[in-house]
There are 2 protein chains.
Amino acid sequence: MARTITLKDIARRAEVSVATVSLVLNQKASRGTVRISEETIERVQRVAGELDYFPNLSARAMSGGKTSIIGLVLNEIKYSSAQLPLIYGITDLLDHAGFSLAMGRVTLGSPDIETEEIRIANRKGFDGLILEPTRVFLQEAERFKDSFRDWRHVVLINRPAAADYTTVGVDQEKMGYIATRHLLDLGHRTVAFAGRHPGIEDHDDPNAPSNMVARYRGYLRAIGEADCEEVTVAKGVDLLESENKVTAVYCALSYDGPDLLAACHDRGVRVPDDLAIVGQDESREKEIVRPAMTTVDMRSEELGKVAARAVTSLVDGAEVEDVLLKPELVVRESTGARVVVVEGSGSFAN
Amino acid sequence: MARTITLKDIARRAEVSVATVSLVLNQKASRGTVRISEETIERVQRVAGELDYFPNLSARAMSGGKTSIIGLVLNEIKYSSAQLPLIYGITDLLDHAGFSLAMGRVTLGSPDIETEEIRIANRKGFDGLILEPTRVFLQEAERFKDSFRDWRHVVLINRPAAADYTTVGVDQEKMGYIATRHLLDLGHRTVAFAGRHPGIEDHDDPNAPSNMVARYRGYLRAIGEADCEEVTVAKGVDLLESENKVTAVYCALSYDGPDLLAACHDRGVRVPDDLAIVGQDESREKEIVRPAMTTVDMRSEELGKVAARAVTSLVDGAEVEDVLLKPELVVRESTGARVVVVEGSGSFAN
DNA sequence: CTGAAAGCGCTTACAG
DNA sequence: CTGAAAGCGCTTACAG
């Protein structure tokens, strides 16, 4: 490797001072009282290009205070394949924006790990943070404002808004609504909601995942509009345990749909003839299971890009609005669509 | 946020110089010509603890030359859920070792993206790199030694060894062997290998994924020992197209097993009665599909830890051996085991 | 319009 | 056994 090129090298070759080079290369050549001639600007830029200059980020961080690193702290990663497109979207955007993505440990819902990771992000001087917060964080969002250098640079994903934090996510209420609505439109009159748990009507229960509450509200709105009866169960398989007139179910937990499909297969319940099922998006799983599952697409890759764009904008000092993406229904066999053929991807055989 | 604590603060409170504090806190208090009294060491450490000191990594990077950042460049992420436990393993270990994980864009097999990401890692001063290289990298491994500050700090994963790079992976030949062996032990006499492609016997074909070649060799060894006939097809579904006496198949491509199972379901082929199937590990998918698939476990989480440990050791100047993990066969329904019940995990409803 | 200088917080020879 | 000093490569007021 050739010796690293520094501002000094450019300054020498361009016959200007290091300060001038810094100003030019940082687009500050015409800010406020500073003004540098077009000629000089051009010359400096040309030399920098010739020398293939890249700033020493540590040095920049030390004087400017920005590390160009964005932290990512997810709640879960091992079992939810929806996180893959999410990460892909984030890295793709950050890379183009010149930031690094520092991936911390996943919290697995533990406030302790979360606190520790936020602390690490803070100590290491990350410019911003994309966080899939735990319940405790959301409940004590105010308090957490002290734990990161600038809480305004923390973007929450996949969660309800909390205490002025910028939040990006997918409309959870709408997930429940469009899933249920699809089933009602197919003519089903008794559509169940799978995902009930103690306290789903009660936001105060610390064990109530609020995303589920929102999906449940969407479900209620849809069956309300259709003037249908409410049936809720904890898990899809509960419907197979007892007699009932349910002909369709919306499995609001991402794992529940595939599990229910597997159970139906084991017990000879025909899908969608005996039971129509709508599940939550889970990357490829929805296509692998048979019958292929109709799902509510969670748009994870796009969410990743939106989250990344939000942090970088905030770090750059811009105003950022919350974003709420609209989920999309993807109809497949489990609600009666024709068979979908999925091609396997090849690559390097992982 | 309170003002950041620096070495200076500790020096003042402990009544020593900044240099002494640095020496003590870096375990260099007794290296070579330097020698600091036990008393001073203790005092400095106590004060540092009281003040909850954490070093400014940018400053350290600038004088010491280490950023404490390890880069990660994967080949694929969106569709292979085996990458999730891999990432989990890496982050978990790096976090404990005090390193950050900077996740770059995935290459999707593109040498251009790979080159660019290595370049970024180099420019940003990452201490080391975990790389799932493209075929081009492996072919021109020598040449790539110039592209990262110290090629010795680059650890290759999931790939055959190349040009002295430290490599960690899972024994691919053994995957093919144990999968095939399992089927033979069950009494099958015609076991097919699904994953044939032009050049699988020829390492020189640039399109031949070498992991597949190794799995194929394992297959050949197993059927050779059992004195059975070789049958190879490109994809598992090919077996359903024509008449043959194949009663068992090892699907060497991770996607192929689930796809074949789905196809069997569609065409009424009973698994494992008509056809026994062994697939490659794919996180949860193997448990969701029905019948649950017998797989060769790729031990991704452990691989992640091993890779992370390797890089950090190298960065710390230690010698590191290549690691080749042994794959494990996990028997499930698709080769005749009893039904396995899988509990869905709950968490925050992703 | 541009240069000289201070300072960010650390590490590492080099003196004592 | 420990301190003073230089230097890493940048940015940013402050002078001219």
Side-chain angles (χ1 to χ4, degrees), chain A residues 3-45 47-48 51-69 98 123-125 127 149 317, chain B residues 3-45 47-48 51 53-68 98 123-125 127 149 317:
Chain A
R3 194 178 58 79
T4 304
I5 303 296
T6 69
L7 285 191
K8 215 155 129 188
D9 299 311
I10 300 176
R12 197 172 322 141
R13 290 253 303 229
E15 300 185 299
V16 292
S17 75
V18 167
T20 302
V21 177
S22 172
L23 257 15
V24 170
L25 262 28
N26 287 301
Q27 266 68 272
K28 303 228 173 111
S30 47
R31 198 199 57 158
T33 168
V34 182
R35 189 152 298 275
I36 294 180
S37 68
E38 271 308 315
E39 196 185 290
T40 305
I41 292 181
E42 259 178 36
R43 184 153 31 95
V44 168
Q45 280 174 339
V47 173
L51 263 37
D52 195 25
Y53 171 75
F54 188 82
N56 178 321
L57 297 181
S58 298
R60 173 177 287 176
M62 241 204 357
S63 34
K66 305 246 177 199
T67 55
S68 298
I69 300 177
R123 289 179 139 183
K124 291 191 174 173
D127 293 340
R149 47 210 0 234
Chain B
R3 194 178 60 78
T4 305
I5 304 297
T6 70
L7 286 191
K8 214 156 131 189
D9 300 311
I10 301 176
R12 199 173 319 143
R13 290 252 306 228
E15 301 183 301
V16 291
S17 74
V18 166
T20 302
V21 177
S22 172
L23 256 17
V24 170
L25 263 27
N26 287 302
Q27 266 66 273
K28 304 232 172 109
S30 47
R31 198 199 56 158
T33 167
V34 181
R35 191 152 296 275
I36 295 179
S37 67
E38 272 307 316
E39 198 183 289
T40 306
I41 292 181
E42 260 178 34
R43 186 153 30 93
V44 168
Q45 281 174 339
V47 173
L51 262 38
Y53 171 75
F54 187 82
N56 177 322
L57 297 182
S58 298
R60 174 177 286 177
M62 241 202 0
S63 35
K66 306 243 177 203
T67 54
S68 297
R123 290 180 140 183
K124 292 190 174 173
D127 293 341
R149 48 214 355 237

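Each chain gets a letter, A, B and so on, in the order its sequence line appears, and its residues count up from 1.
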Exercise. Where the side chain of Ser22(A) is defined as all heavy atoms beyond and including C-beta, which of dC1(D), dT12(D), dT12(C) is the nearest nucleotide?
Worked result: dT12(D)
Exercise. What's the spacing between Leu57(B) CG and Met62(B) CE if we round to 0.5 Å?
Worked result: 13.0 Å
Exercise. What is the distance, rounded to the nearest whole Å, between atom CZ of Arg12(B) and atom P of dC10(C)?
Worked result: 12 Å
For this session: Rounded to the nearest angstrom, tell me the gap between atom CE in Met62(A) and atom P in dT11(D).
Result: 12 Å
For this session: Mind checking the CG-CG spacing from Leu7(A) to Asn56(A)? Nearest 0.5 Å is all I need.
Result: 9.5 Å
For this session: Among the candidates dA4(C), dT11(D), dG3(D), find the nucleotide nearest to the side-chain atoms of Thr20(B).
Result: dG3(D)
Exercise. dA4(D) P sits how many Å from Lys8(B) NZ, rounded?
Worked result: 13 Å
Exercise. Are any of Thr6(A)'s side-chain N or O atoms less than 4.0 Å away from OP1 or OP2 of dG9(D)?
Worked result: no
For this session: Applying side-chain contact (heavy atoms from CB on, under 4.5 Å), run through Asp52(A) and Ile5(A) and close with a yes or a no.
Result: CA-CA 8 Å; Asp52(A) 195 25; Ile5(A) 303 296; over 6 Å; no
For this session: State, yes or no, whether a side-chain contact exists between Tyr53(B) and Leu25(B) at a heavy-atom distance under 4.5 Å.
Result: yes
Exercise. Whole-Å distance between dC10(D) C1' and Asn26(A) CG?
Worked result: 9 Å
Exercise. Considering only dT2(C), dG3(D), dT2(D), which nucleotide approaches the side chain of Thr40(B) most closely?
Worked result: dT2(D)
Problem set entry | Nucleotide dT12(C), atom P - distance to CG of Leu23(B) in whole Å | 8 Å
Exercise. Nearest to the side chain of Val18(A) - dT11(D), dA4(D), dT11(C)?
Worked result: dT11(D)
Problem set entry | Residue-phosphate contact under 4.0 Å: Ser37(B) side-chain N/O, dT2(D) OP1/OP2 | yes
For this session: Check whether any side-chain N or O of Tyr53(B) sits under 4.0 Å from OP1 or OP2 of dC10(C), and answer yes or no.
Result: yes
Exercise. Would a 4.5 Å heavy-atom cut-off, applied to side chains only, mark Leu51(B) and Arg13(B) as touching?
Worked result: yes
Exercise. How long is the line joining CD1 of Ile10(A) and P of dG3(C), in whole Å?
Worked result: 14 Å
Exercise. Just wondering, do Thr40(A) and Arg43(A) contact through their side chains at under 4.5 Å, heavy atoms?
Worked result: yes
Seminar exercise, completed: From CG of Asp9(A) across to P of dC8(D) the rounded distance in Å is 11 Å
Problem set entry | Euclidean distance, Ser68(A) OG relative to Arg60(A) CZ, rounded to 0.5 Å | 6.5 Å
For this session: Please figure out whether Glu38(A) or Ala59(B) has its closest DNA chain C nucleotide nearer the 5' end.
Result: Glu38(A)
Exercise. So what does Val16(B) touch, heavy atoms closer than 4.0 Å: a base, only the sugar-phosphate, or nothing?
Worked result: sugar-phosphate
For this session: Quick one: closest heavy-atom pair of Thr67(B) and Asp127(B), and the distance?
Result: N-OD1, 2.9 Å
Seminar exercise, completed: Checking dC10(C), dC10(D), dG3(D) against the side chain of Ser17(B) (C-beta onward), the nearest is dG3(D)
Exercise. Lys124(A) has an atom NZ; how far is it from atom P of dG9(C), in whole Å?
Worked result: 19 Å
Exercise. To the side chain of Ser63(B), which of dA5(D), dG9(D), dC8(D) is closest?
Worked result: dC8(D)
Exercise. Using Watson-Crick and G-U wobble pairs whose two distances are both under 3.5 Å, how do you write the pairing of DNA chain D as dot-bracket, with | for links to another strand?
Worked result: |||.||||||||.|||
